[in-house]
Every structure is written in structure tokens, then in C-alpha cells.
Enquirer: 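Shown below is the structure under consideration.
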Protein chains: 2
Amino acid sequence: MTPEPTIRRLAKYLELLKIELANGTEEISTTKIANIFELDPTQVRKDIEFTGIIGKPKTGYNVRELYEGIINFLNWKEPKDAFLAGAGHIGSALAHYSNLSDYGIKIIAAFDIDRKKIGKKINDIEIFSIDKMPNLIRRMNVKIGIIATPPDTAQEIANMMIDAGIEGIWNFTPVHIAAPENIVIENAQLTLSLAVLTRRIVEKKYEKTSLGEIYERDINK
Amino acid sequence: MTPEPTIRRLAKYLELLKIELANGTEEISTTKIANIFELDPTQVRKDIEFTGIIGKPKTGYNVRELYEGIINFLNWKEPKDAFLAGAGHIGSALAHYSNLSDYGIKIIAAFDIDRKKIGKKINDIEIFSIDKMPNLIRRMNVKIGIIATPPDTAQEIANMMIDAGIEGIWNFTPVHIAAPENIVIENAQLTLSLAVLTRRIVEKKYEKTSLGEIYERDINK
DNA sequence: TAGATTGTTAATCGATTAACAATC
DNA sequence: TAGATTGTTAATCGATTAACAATC
């Protein structure tokens with residue numbers, strides 16, 4: 001299994017490769033990639049090794065080849081159909097991102113319990129009653145589910161999805177989703193990201209404070 | 001510096017503690033927390049150790065004490081003012097989440113270049129011209145910036161924020177933000193999360209396939 | 001008391017980084 | 001050729017997990 005940090009970094013490299021591809025750059029070295037993302041070149045090489053793409057000493061990697069190698073590795077070549085449960089604020093923001101199809105998925109329908117929303121469309125994606133989801137998952141052979149519902153219904157929705165044959169769930173709710181181990185649960189929990197941000201900010205301050213204190217102590221001698 | 005996985009897990013525990021607090025539970029053990037999140041109890045104890053909260057052998061931790069300990073640790077007690085750059089789909093979804101103040105930040109103003117948006121409000125948050133952002137950051141002593149603009153302007157916006165005195169940036173664009181090391185950059189890049197989801201799904205399939213092949217080989221003997 | 005749980009040290013595991021020969 | 005870069009093995013680092021005495 002590829003380390004998660006490697007998968008994330010590869011997706012980052014892809015953004016750069018898109019730009020380089022548009023610029024017509026033909027070759028790129030791990031030294032260059034590493035400089036841009038403030039990483040170790042060896043790490044970039046290790047990451048690329050997972051994709052199976054090989055480079056040429058002295059010149060580096062062919063930009064197009066590497067780009068396609070990562071796209072294939074992430075399985076982003078053919079976007080997979082996905083169902084969105086919950087057409088609230090985050091749900092509709094996701095529905096508006098038509099370019100998710102450049103990132104491996106395509107939302108083809110949304111589901112909600114709110115009668116006022118059912119029947120409406122967001123960015124051409126129709127909103128159905130949540131009751132219809134399980135049958136539609138089966139009939140349309142959908143393998144990816146997105147949960148952007150209120151937290152208290154999240155586990156129930158996940159169970160419905162799993163029973164109907166979903167293989168992977170992208171979870172935007174702050175709750176832990178329990179699932180059998182053959183199901184992939186990927187959490188996009190913004191509050192966890194906020195936790196890292198706010199904690200790191202205080203840590204930076206402590207750092208400064210401690211240095212300050214040492215300095216103070218020194219000048220008081 | 002606290003390991004990032006620890007910070008994220010602590011934020012997860014908090015969700016459980018909220019529920020337990022509402023239920024009136026007084027004590028909670030690491031065994032219970034670990035079971036719910038499918039973790040090792042020792043890991044949970046190690047995580048809690050960072051907050052400085054201590055438990056009692058046999059009974060565990062006081063729920064309220066642990067809850068408040070984590071809130072303090074994450075610096076979520078007093079939500080910090082934040083500015084939002086970019087009032088597009090994700091930007092407005094964020095602006096609608098009034099409960100971000102339970103997660104350490106409070107969006108007090110939004111900024112955009114689109115003249116049609118300027119002057120309007122999202123969930124009572126006024127949208128100003130982006131030109132006004134630097135001065136307002138200084139005057140209002142804002143320390144947290146959120147970037148939800150198109151990718152090509154992200155670095156520029158980040159520079160404006162940093163020059164004006166922002167300490168931490170929550171980045172929703174898919175680009176890498178370069179910043180001095182005293183600035184905290186936290187990426188909430190949804191596409192990276194998608195990369196993990198889609199890759200893990202193919203890996204699960206490989207797993208099955210390999211097992212299948214071994215099985216096939218065995219029965220063919 | 002017996003048993004569950006904490007707090008903490010030691011062992012293990014996995015990811016990152018260093019070193020360096022091979023190559024163009 | 002000299003120098004930059006790859007590919008790969010070894011060393012290091014940091015996080016997780018195991019072990020276990022102390023405690024209520």
C-alpha cells in the first residue's frame with residue numbers, strides 16, 4: 001500500500017506538471033520539483049518510483065509521461081460516477097465543481113431529505129429523495145459516495161451506501177464512519193484541518209516566547 | 001511540536017466528548033475512545049498526554065476536564081477573527097458555517113475582486129473589495145486568512161496577507177503557497193483527499209485480485 | 001482483594017533522509 | 001570529459017505499538 005503522504009504529494013506534483021505541460025516544458029528534474037514544494041529531491045524520486053515512471057540521468061523525467069503516469073496511478077483517467085448525499089452548503093459547493101472530473105470523480109446525482117430541494121438541480125445535477133439512493137446505486141453501479149449531510153445521519157447514510165455496493169466514501173461530516181475493512185473511507189473533515197492550523201499558530205508563539213525567555217534570562221545575568 | 005496525527009485525533013475525540021457531555025457521562029476511558037475510533041488505547045493515552053490532562057486509574061478521564069483540555073490545547077476557547085479571500089462556491093459555503101466559532105475561528109469579513117459581489121453579504125458577512133484587505137488586516141489586527149480564490153491569484157493573496165501581518169493561512173486552492181517559516185500554512189486541498197480516496201479504491205482491488213490469483217493458482221495445482 | 005485502567009519506558013514499524021554508484 | 005541527475009541501498013528519524021509497574 002502506497003504511503004498516504006506519497007499519494008498526496010503526487011497529487012501536488014500533478015498541479016505543477018499541468019502548468020509545465022501548458023508551458024511546453026519537456027523535461028523536469030526531481031531537484032526542480034523538490035525546490036518548488038520545499039521537499040527533499042530523494043523523496044520526490046521515491047514518490048515517483050511508486051508510479052513506475054522512470055527518468056533519465058542528467059535530464060530528469062519527461063513531463064507528459066510523468067503527468068500521465070500520476071494520472072494513471074491515481075486512477076483519474078476515467079472519472080468515476082459518484083453520488084452526493086446532502087445538498088447543503090458544502091454539498092452544493094461540491095456539486096458546482098464540474099472540474100472534479102479532472103480529479104477522478106463525477107457527481108451524477110444528489111440526494112436530500114428536504115422536500116423543498118428534491119426535484120431541483122444544482123449545476124445540472126438533480127436532487128432526488130434519499131430513499132431512492134440505494135436502488136439507484138445498484139442500478140447505475142455507482143461505486144463512490146459523498147456524505148455531506150448533518151452529522152447525526154452520516155452513519156445511517158454510510159450504511160445505506162455500503163449495503164448498496166459503494167466501494168469508497170468521501171466523508172465531509174465531523175463524525176467517524178464505521179465500515180467493513182474492504183470499504184475505503186476518506187475523511188475531508190475541515191475541522192480537523194482547522195485544528196492543525198490553530199494549534200500550529202500557538203506552537204509558533206511558544207517557540208518565540210521560549211527563545212525570548214532565554215534571551216531575557218541571558219541579558220539579566 | 002505535537003505530531004500532526006495527534007492534533008487531528010484530538011479534534012476527533014472532541015466530537016465524541018461533546019456527545020458524552022450532552023449525555024451526562026462523567027468518566028471516559030481510553031479503551032472506550034480507542035474502540036470507537038478503531039485505534040490503540042495506548043495511542044489515545046499518548047495523545048491525551050500532550051494536552052496535560054491526567055486521568056485516574058480504573059475510572060479513566062473526567063469527560064468535562066478532557067473536553068476543556070482539548071479545547072484549550074487547540075486554542076479553540078476564544079474563536080479568532082479571520083478574513084476570507086474569495087467568495088466563490090467554497091468561500092460562501094465556509095461563510096455559511098457560523099459554527100466555525102466552535103472550531104477556533106470566526107469569519108468577520110470576505111473579500112473578492114468581482115464588483116457584482118462587493119457590498120453584498122453572505123450570512124451577515126460583508127464582501128469587500130480585495131484592495132481593502134491589507135489595511136483592514138492591520139487595523140483590525142486579524143491573524144488568520146482563508147484563501148478560496150482561483151489558483152492563479154492564490155500566491156499573490158497570500159503575500160498580501162503575510163505582509164499585512166497574518167500568522168496563519170487556511171488554503172483551499174490546489175497550489176502550493178510559499179511563505180516564511182514563521183507563517184503557518186494549512187492546506188485544506190480537497191483534491192489531495194480525493195487522490196487518497198481514488199488510489200485506495202484501486203489498491204483494494206489489487207489486493208483482492210492478488211488473493212484471487214493465489215487462490216486460482218492453488219486450486220489449479 | 002481482583003481487575004481495569006493509567007502513565008511511562010522500551011521495542012517495533014514505517015517514512016524520510018543520506019550516501020553513492022551508474023548513467024547520459 | 002565533467003557535472004547533473006537517476007535509482008537504490010543504508011542510516012536516521014519519528015510515530016505507533018507492546019510491555020508492565022503503579023494505582024484506585
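Bear in mind that the values here come from a model prediction, so they are computed numbers and not experimental data. Each chain gets a letter, A, B and so on, in the order its sequence line appears, and its residues count up from 1.
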Enquirer: Could you tell me the Watson-Crick or G-U partner of dC13(C), where both distances fall under 3.5 Å? Say none if there is no partner.
Expert: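 dG14(D) is the nucleotide pairing with dC13(C).
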Enquirer: Do the side-chain N or O atoms of Thr59(A) get closer than 4.0 angstrom to the phosphate oxygens (OP1, OP2) of dA4(D)?
Expert: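 Answer no for this pair, as no side-chain N or O of Thr59(A) is under 4.0 Å from OP1 or OP2.
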Enquirer: Find the partner of dA22(D): check Watson-Crick (N1-N3 plus N6-O4 or O6-N4) and G-U wobble (N1-O2, O6-N3) distances, both under 3.5 Å, and reply none if neither fits.
Expert: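 Pairing partner, where one exists within any strand: dT5(C).
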Enquirer: Over how many whole Å does the gap from Leu39(A) atom CG to dT16(C) atom C1' extend?
Expert: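 Atom CG in Leu39(A) sits about 11 Å away from atom C1' in dT16(C).
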Enquirer: Thr42(B) has a side chain; which of dT6(D), dT17(D), dT16(C) sits nearest to it?
Expert: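 Nearest nucleotide to the side chain: dT17(D).
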Enquirer: Rounded to whole Å, please give me the gap between CD in Glu4(B) and P in dG14(C).
Expert: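 After rounding, the reported distance stands at 20 Å.
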Enquirer: In whole angstrom, give the distance that lies between atom CE of Met1(B) and atom P of dG14(D).
Expert: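 Met1(B) atom CE is separated from dG14(D) atom P by 10 Å.
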Enquirer: Using the side-chain heavy atoms of Lys46(A), tell me which of these nucleotides is nearest: dA4(C), dT9(D), dT16(D).
Expert: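 Side chain of Lys46(A) sits closest to dT9(D).
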Enquirer: Any salt bridge between Glu49(A) and Arg45(A), counting N to O under 4.0 Å?
Expert: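 Between Arg45(A) and Glu49(A) there is no salt bridge, as every charged N stays at least 4.0 Å from the carboxylate O atoms.
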Enquirer: Side-chain contact, heavy-atom cut-off 4.5 Å: Met133(B) with Ile137(B)?
Expert: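 Result yes, sub-4.5 Å side-chain heavy-atom pair found.
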Enquirer: Quick check: does any side chain N or O of Arg138(B) sit under 3.5 Å from a backbone N or O of Gly165(B), one acting as donor and the other as acceptor?
Expert: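 No.
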Enquirer: Counting only side-chain heavy atoms from C-beta out, which of dA18(C), dA15(D), dT6(C) sits nearest to Pro3(B)?
Expert: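 Closest of the options to the side chain of Pro3(B): dA15(D).
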Enquirer: Which sits closer to the 5' end of DNA chain C, Pro57(A) or Thr6(A), going by the nucleotide each is nearest to?
Expert: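 It is Thr6(A) whose nearest nucleotide is closer to the 5' end.
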Enquirer: What is the ring orientation for His89(A) with Tyr97(B), classed by angle as parallel under 30°, tilted 30 to 60°, or perpendicular over 60°?
Expert: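 Ring orientation, 0 to 90° scale: perpendicular.
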Enquirer: Can you tell me how far C1' of dT8(C) sits from CD1 of Ile48(B), to the nearest Å?
Expert: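 One finds 15 Å between C1' of dT8(C) and CD1 of Ile48(B), rounded.
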Enquirer: Could you work out which one of dT6(C), dA18(C), dT17(D) sits closest to the side chain of Asp40(B)?
Expert: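 Of the candidates, dT17(D) comes closest.
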Enquirer: Give a yes or no on whether the backbone of Ile183(B) and the side-chain of Arg200(A) come within a donor-acceptor separation of less than 3.5 Å.
Expert: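 Not at all, since once roles are kept as given, no pair shorter than 3.5 Å links the two residues.
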Enquirer: Using whole Å, what does the distance between atom P of nucleotide dA4(C) and atom CD of Glu27(B) come to?
Expert: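 After rounding, the gap between these two atoms is 17 Å.
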Enquirer: May I ask you to evaluate whether Arg9(A) reaches the phosphate of dA15(C), defined as a side-chain N or O under 4.0 Å from OP1 or OP2?
Expert: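 The answer is no; no side-chain N or O of Arg9(A) sits under 4.0 Å from OP1 or OP2.
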Enquirer: For Gly55(A) and Lys58(A), find the nucleotide of DNA chain D closest to each by heavy atoms; which residue's nucleotide sits nearer the 5' end?
Expert: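 Looking at DNA chain D, the more 5' nearest nucleotide goes with Lys58(A).
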Enquirer: Does a side-chain N or O from Thr31(A) land closer than 4.0 Å to OP1 or OP2 of dT5(D), or not?
Expert: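 Yes, because at least one side-chain N or O of Thr31(A) sits under 4.0 Å from OP1 or OP2 of dT5(D).
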Enquirer: Please pick, from dT17(D), dT16(C), dT23(C), the nucleotide with the shortest atom-to-atom distance to any side-chain atom of Pro5(A).
Expert: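 The answer is dT16(C).
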Enquirer: One thing to verify: whether Glu186(B) and Arg8(B) come together as a salt bridge, which I'm taking to mean a side-chain N less than 4.0 angstrom from a carboxylate O.
Expert: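 Between Glu186(B) and Arg8(B) there is a salt bridge, with a charged N closer than 4.0 Å to a carboxylate O.
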Enquirer: Would one find a side-chain N or O of Ser29(B) under 4.0 angstrom from OP1 or OP2 of dT6(C)?
Expert: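 Indeed not, no polar side-chain atom of Ser29(B) lies that close.
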Enquirer: Could you state the CD1-C1' distance from Ile54(A) to dA22(C), rounded to the nearest angstrom?
Expert: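 Checked: the CD1 to C1' distance equals 14 Å.
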Enquirer: Quick one: does Lys32(B) reach the base of dT6(C) with a side-chain donor-acceptor pair under 3.5 Å?
Expert: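 When only heavy-atom distances are counted, Lys32(B) does not reach the base of dT6(C) through any donor-acceptor pair under 3.5 Å.
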Enquirer: Nearest to the side chain of Arg45(B), heavy atoms from C-beta on, is which of dT5(C), dA15(D), dG7(C)?
Expert: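 The listed nucleotide nearest to Arg45(B)'s side chain is dG7(C).
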Enquirer: Can you check the Arg8(A) CZ to dT16(C) C1' distance for me, whole Å?
Expert: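 Whole-Å distance recorded here is 18 Å.
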Enquirer: Using whole Å, what does the distance between atom P of nucleotide dT16(D) and atom CD of Glu38(B) come to?
Expert: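 Atom-to-atom, Glu38(B) to dT16(D), this comes out as 16 Å.
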